[in-house]
Protein chains: 2
Amino acid sequence: MIECSKCQRVESIMKAGFVRGKQRYLCKDCNYFFTLPSAQVPTKRKRHQTTIIDIARELGVSNSTVSRALHGHPDISPDTKKAILEAAIQLDYQPNQLAYSLVKSRSNTVGIIVPEFLTQFFPNVIVGAQGVLSRAGYHLMIMQSDESYETEVGNTRALLANRVDGLIVSMSHETNNYEHFQAFEKRGVPVVYFNRVCREIGTYKVVVNDYQGAFRAVEHLIANGYRRIAHLAGPRNLVISQERLRGYTEALQKYGLPVLPELTIHGDLTVEKARIYGRYLLELDHPPDAIFAVNDPTAIEILLLARAKGLRVPEQLGVVGFSDDSIAMHIGNGLTTVKQPTNLMGQTAAELILKLISEDEDTYPAETQVLETELIIRGSSVRGGR
Amino acid sequence: MIECSKCQRVESIMKAGFVRGKQRYLCKDCNYFFTLPSAQVPTKRKRHQTTIIDIARELGVSNSTVSRALHGHPDISPDTKKAILEAAIQLDYQPNQLAYSLVKSRSNTVGIIVPEFLTQFFPNVIVGAQGVLSRAGYHLMIMQSDESYETEVGNTRALLANRVDGLIVSMSHETNNYEHFQAFEKRGVPVVYFNRVCREIGTYKVVVNDYQGAFRAVEHLIANGYRRIAHLAGPRNLVISQERLRGYTEALQKYGLPVLPELTIHGDLTVEKARIYGRYLLELDHPPDAIFAVNDPTAIEILLLARAKGLRVPEQLGVVGFSDDSIAMHIGNGLTTVKQPTNLMGQTAAELILKLISEDEDTYPAETQVLETELIIRGSSVRGGR
DNA sequence: TTGTACGCGTTATCAA
DNA sequence: TTGATAACGCGTACAA
């Protein structure tokens, strides 16, 4: 059937893999590999995307020349370059980033893992990071852990397998083990932690000044005459919870108010828990006259509970949240809250990771960038003077 | 300096590239390639991730055997398999997805392009899609076009370069040219359009019944006694705008109300435009008594404008939005709105793309999945009877 | 200025 | 059951 293109024999022909979608043959006699011209090859194995080799063949030059032309290397004659670029367009060439990454061992991609997508906070951070990265020619591979440690580990594995050049991460609230992050650093892939950071690991972090934000929020409540201020806190293992709790505590202390253990309850940042613990607080024999909540969804849940119980805000109950979600402005007479610079946080993390990627050595000094918060005062906490 | 490992000569040695980060040499005499044992190689060119070849060498087997062991191929002895798996763990082996994708010409990744990230809508869709895809072993590469045609084209190019196996997309409102999407179909990469689809292109779409949602919303306003109902519409080129407008128009017609051109204004879905056009409507000599807005942010802007002008909602002005953003429940006495099954939309799109990927041929029938909406009635549109 | 010949890490085919 | 070796698409050191 098939005859050798060199010696014309038929009996010594055997199949020998595929070349660019076409069957390749080997003549055992003359030890000659060959493929048949396309007219003779009806069996199109799989669709083939045009590669630099296709361009090279089209123009009768070598693939290195094509590669040089496409990348604007200096040593190339203007004519061949022009011809190659035209052929590339004409053949609808699209570079294969996978092959590129493989040979350069660099993917031009950074990964980001966030715990959730449903509040405004993380999407805003992502938008900030995205802008900086894409301007620098990097892509962002976004993963969400869904507040699950398991999923987070899976995410890190996927990013590692895809050879991201860097990782930006805010941990799930379940996370107590950090091996999956250390795997990156072990491989020389820089990691920037933001927002949900922990003390045990990480040389590069971007956070807001949670302590000060919380301190000012509680100070503000005190200034507005609230004296029995409760705190709906976050999970104990998160630094943001700890710092906000510290701000709450020290503000009370500064103004000589007692720090009552029964007025601090640790939730898990979900609305469901907020409802349960909020109700508990409001139904105490001696209920608080204000609540400082660890985040806005929690604070909003408190507002709804208060409304359901007929409690007047801010007269009978003051409420302050944390984050300035877009709802905060609109709910009731407005929710007082500690605004975080979300977009800036993403930008900062992205800039930091870019620096770490470009530094060949790990000589970049450890760094924790602390961004400032802003207290946004609205209707939920302002009643007359003291 | 360097002597041939075979003939011990020195003069005929030349460098011949690198093997796994180590200098490789060629002895011109005996035509023998070799590398030096690691002790003799101080120059660690670049950090090296452990590969199947490392495992193979460690155990003295071939890389094919290692590959088979790692992928649970049948033809392998339990002993070697066990040894390989242990070595893999011990050497901290992480598979290289890039190399895998290159050889399989399949990335196990689908791309998704959304116009923005700042309303809840798209993040919700993404969460839905993410769940389905990750359960099927696929990753999601998320890009946002920022409502810019330019950026959208860039996004498609990036996804194409990364050889995604499929694309899920909701178009920017600037998009009027569809070549960048056709590029996918030309390469046999399936595309599923959702939400912001267009009539000119696309065989697979997932949308909600915008027409019916709008129709019911306006019908509801009419039932509540509103007679001069305006519509703050979306960009003319988007099908969602057209369909919602059609629902608005036909509902008015059904109940014998005049369709007044001056009461329909096309915006661009931004809050800024909503404010301008909303103000215009409310300051007409003969202003509307109700406004049906193309989305929730727009509707909320109307509510705020009304509040600023001292207009009572719903008595003097009825308002209905579209989407049921999480704010809608909380603002004022609640915003009546047409709820879209966002999560389901993501799931549906993901399931569809998975089907299209697995079907070898393009034999899958064209399909537009229409999901149903639900009218959520709240305080902004209910005043006594008719 | 251009071409040759690898290597990047993996899978698949075929021979042993 | 295992081992060689081509192939995926591209960049590049070195030779020509």
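Since this is a predicted model, take the numbers as computed values, not measurements. The sequence lines fix the lettering, A, B, ..., with proteins before strands; numbering per chain opens at 1.
Defining each end axis of the helix from dT1(C)-dA16(D) to dA16(C)-dT1(D) as the rotation carrying four pairs' C1' atoms onto the next four, with five pairs an end, the two axes are found to diverge by 50° to 10 degrees.
Atom pair Arg68(A):CZ and dT2(C):P shows a separation of 8 Å (rounding to whole Å applied). In this structure, Asn63(A) atom CG and dA5(C) atom P are separated by 11 Å, rounded to whole Å. What separates CD1 of Ile52(A) from P of dA5(C) is a distance of 16 Å, to the nearest Å.
Thr80(A) comes within 4.0 angstrom of sugar-phosphate atoms only, judged by non-hydrogen atoms across all strands, and of no base. Residue-level contact check: Ser67(A) touches the bases, meaning some heavy atom is under 4.0 Å from a base atom.
Less than 4.0 Å separates DNA chain D from at least one heavy atom of each of the following residues of residues 81-95 of chain A: Tyr93(A), Pro95(A).
Nucleotides of DNA chain D nearest to Ser64(B) and Leu102(B) differ in position, and the one nearer the 5' end is that of Ser64(B).
Annotation: salt bridge (Lys or Arg N to Asp or Glu O under 4.0 Å) contacts of Glu86(A) (sequence neighbours excluded): Lys82(A).
For dG9(C), the OP1/OP2 oxygens have no side-chain nitrogen or oxygen of Thr51(B) closer than 4.0 Å. In terms of phosphate contacts, Lys104(B) brings a side-chain nitrogen or oxygen within less than 4.0 Å of OP1 or OP2 of dA12(C).
Ring-plane geometry between His71(A) and Tyr100(A) is classed as parallel, the angle between the planes falling under 30 degrees on a 0 to 90 degree scale with a further cut at 60.
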